[in-house]
Amino acid sequence: MRQLRKLQLLGLLVIAASCGGKKAELDKKFAEANRLFETQNTPQALKLYQEITDADSDHTGAHVMIGRILYYDRKFGEAEKVLAETVSRQPESVDAIFWLARVQSVIPAKKEEAMKNLEILLQRDGSRVDALVLKGMLHEEKKEVSQAIVAYRAATQHEQDIGQAYFRLASIYSTAGLEDMKRKALVRAALLAPELVTQKR
């Protein structure tokens with residue numbers, strides 16, 4: 001009996017080690033795919049993302065990136081299918097919901113679904129500036145001016161908050177003697193919240 005328990009424990013350890021190794025390998029592949037995507041080598045990035053989803057069908061990040069590449073390639077129907085399946089599997093993923101809504105926003109028959117998905121997303125994370133801007137654009141298309149203004153104003157408010165964070169970061173960089181980083185942070189603060197930077201001077 002004791003021997004059997006030892007064998008079971010050894011088996012569990014082997015499985016855990018192999019799973020850990022597999023996850024590390026997939027994480028490394030995902031990082032490389034993201035690097036390729038950032039350098040606009042989308043065919044190679046897509047190949048790696050597909051390899052990741054073949055190995056792990058629940059890898060939300062890779063599915064979202066496949067959807068994004070299909071969107072940028074203007075394969076909107078395929079992109080929507082991939083992202084809708086991803087949201088179905090991982091309904092808590094705000095990135096998957098955002099990209100599904102973005103794809104749906106360019107498909108005339110799906111614009112209402114896009115709006116519903118944006119509302120779900122913003123209930124979970126009201127600070128998503130990209131979602132607020134997209135919502136404003138959809139309202140604007142429908143000539144819903146007041147709702148568009150509300151969405152755009154909310155987006156600008158969050159940008160001011162981000163500007164405040166960059167301004168504080170510039171102050172810390174200054175204290176630490178990191179002048180180059182301070183200048184970069186101030187430039188970002190000025191772009192997002194110019195009135196903040198002029199007030200502080």
Side-chain angles (χ1 to χ4, degrees), residues 4-138 141 151 155 158 162:
L4 181 61
R5 289 179 75 179
K6 280 183 180 176
L7 285 170
Q8 286 174 335
L9 184 60
L10 182 62
L12 288 171
L13 288 170
V14 168
I15 290 167
S18 66
C19 286
K22 180 185 171 186
K23 186 185 182 311
E25 186 183 318
L26 288 179
D27 287 347
K28 187 177 176 185
K29 191 174 278 192
F30 187 61
E32 175 59 14
N34 289 340
R35 187 191 67 76
L36 289 166
F37 178 81
E38 291 299 326
T39 58
Q40 299 182 350
N41 188 348
T42 50
Q44 277 302 111
L46 181 59
K47 184 172 178 286
L48 287 184
Y49 291 131
Q50 286 169 334
E51 286 176 13
I52 293 164
T53 58
D54 287 344
D56 178 7
S57 60
D58 290 329
H59 198 293
T60 303
H63 283 294
V64 170
M65 293 306 295
I66 289 169
R68 287 181 67 178
I69 289 171
L70 291 168
Y71 167 82
Y72 290 126
D73 286 345
R74 304 187 64 78
K75 296 175 181 174
F76 302 132
E78 290 177 55
E80 198 217 0
K81 185 172 185 288
V82 167
L83 291 161
E85 287 171 359
T86 306
V87 170
S88 178
R89 276 193 307 271
Q90 300 289 338
E92 72 284 354
S93 171
V94 291
D95 282 336
I97 296 169
F98 171 75
W99 279 99
L100 176 59
R102 185 156 173 187
V103 170
Q104 290 171 331
S105 75
V106 296
I107 302 172
K110 299 282 184 174
K111 288 181 186 284
E112 288 302 319
E113 286 180 54
M115 187 66 84
K116 285 177 190 169
N117 281 319
L118 287 170
E119 284 166 5
I120 290 166
L121 187 160
L122 290 165
Q123 281 171 7
R124 295 181 192 175
D125 182 1
S127 65
R128 283 285 299 242
V129 172
D130 50 3
L132 288 164
V133 170
L134 183 56
K135 189 170 188 286
M137 289 167 68
L138 286 169
E141 279 182 23
H158 290 298
I162 296 165

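Minimum interatomic distance between Ala96 and Thr86 (heavy atoms only, all atoms of both residues): CB-CG2, 4.0 Å.
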Return a table of donor-acceptor pairs under 3.5 angstrom between the side chains of residues 97-105 and protein atoms on other chains or two or more places apart.
from	atom 1	to	atom 2	distance (Å)
Arg102	NE	Tyr71	OH	3.3
Gln104	OE1	Ala114	N	3.4
Gln104	OE1	Asn117	ND2	2.8
Gln104	NE2	Glu80	OE2	3.2
Gln104	NE2	Glu113	OE1	3.4
Ser105	OG	Arg102	O	2.6

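In this view, Glu119 satisfies the salt bridge (Lys or Arg N to Asp or Glu O under 4.0 Å) rule with no residue, not counting sequence neighbours. Residues forming a ring pair (Phe, Tyr, Trp, His ring centres under 6.0 Å) with Phe37 (at least two apart in sequence, or on another chain): none.
One distance of note links CE of Met137 with NZ of Lys111; it measures 8.5 Å at 0.5 Å rounding. Annotation: the span from Leu36 atom CG to Glu38 atom CD amounts to 10.5 Å, rounded to 0.5 Å. The NZ atom of Lys135 sits 15.0 Å away from the CZ atom of Arg128 when rounded to the nearest 0.5 Å. Rounded to the nearest 0.5 Å, atoms CD (Glu25) and CD (Glu51) are 9.5 Å apart. Atom CG in Leu138 sits 6.0 Å away from atom CG in Leu118 (nearest 0.5 Å).
Taking 4.5 Å as the limit, some side-chain heavy atom of Val133 sits within range of a side-chain heavy atom of Val129. Side-chain contact between Gln90 and Glu92 is present, with heavy atoms from C-beta onward closer than 4.5 Å.
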Verify side chain to side chain donor-acceptor pair (under 3.5 Å) between Asp95 and Ser93, making sure each step is shown before the conclusion.
CA-CA 5 Å; Asp95 282 336; Ser93 171; 5.5 Å; no
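Between Glu32 and Lys28 no salt bridge is recorded (no basic side-chain N to carboxylate O distance below 4.0 Å).
Side-chain atoms of Thr39 come within 3.5 Å of backbone atoms of Arg35 as a donor-acceptor pair (strictly under, hydrogens ignored). Side chain of His63 to backbone of Ser57: a donor-acceptor contact under 3.5 angstrom is found.
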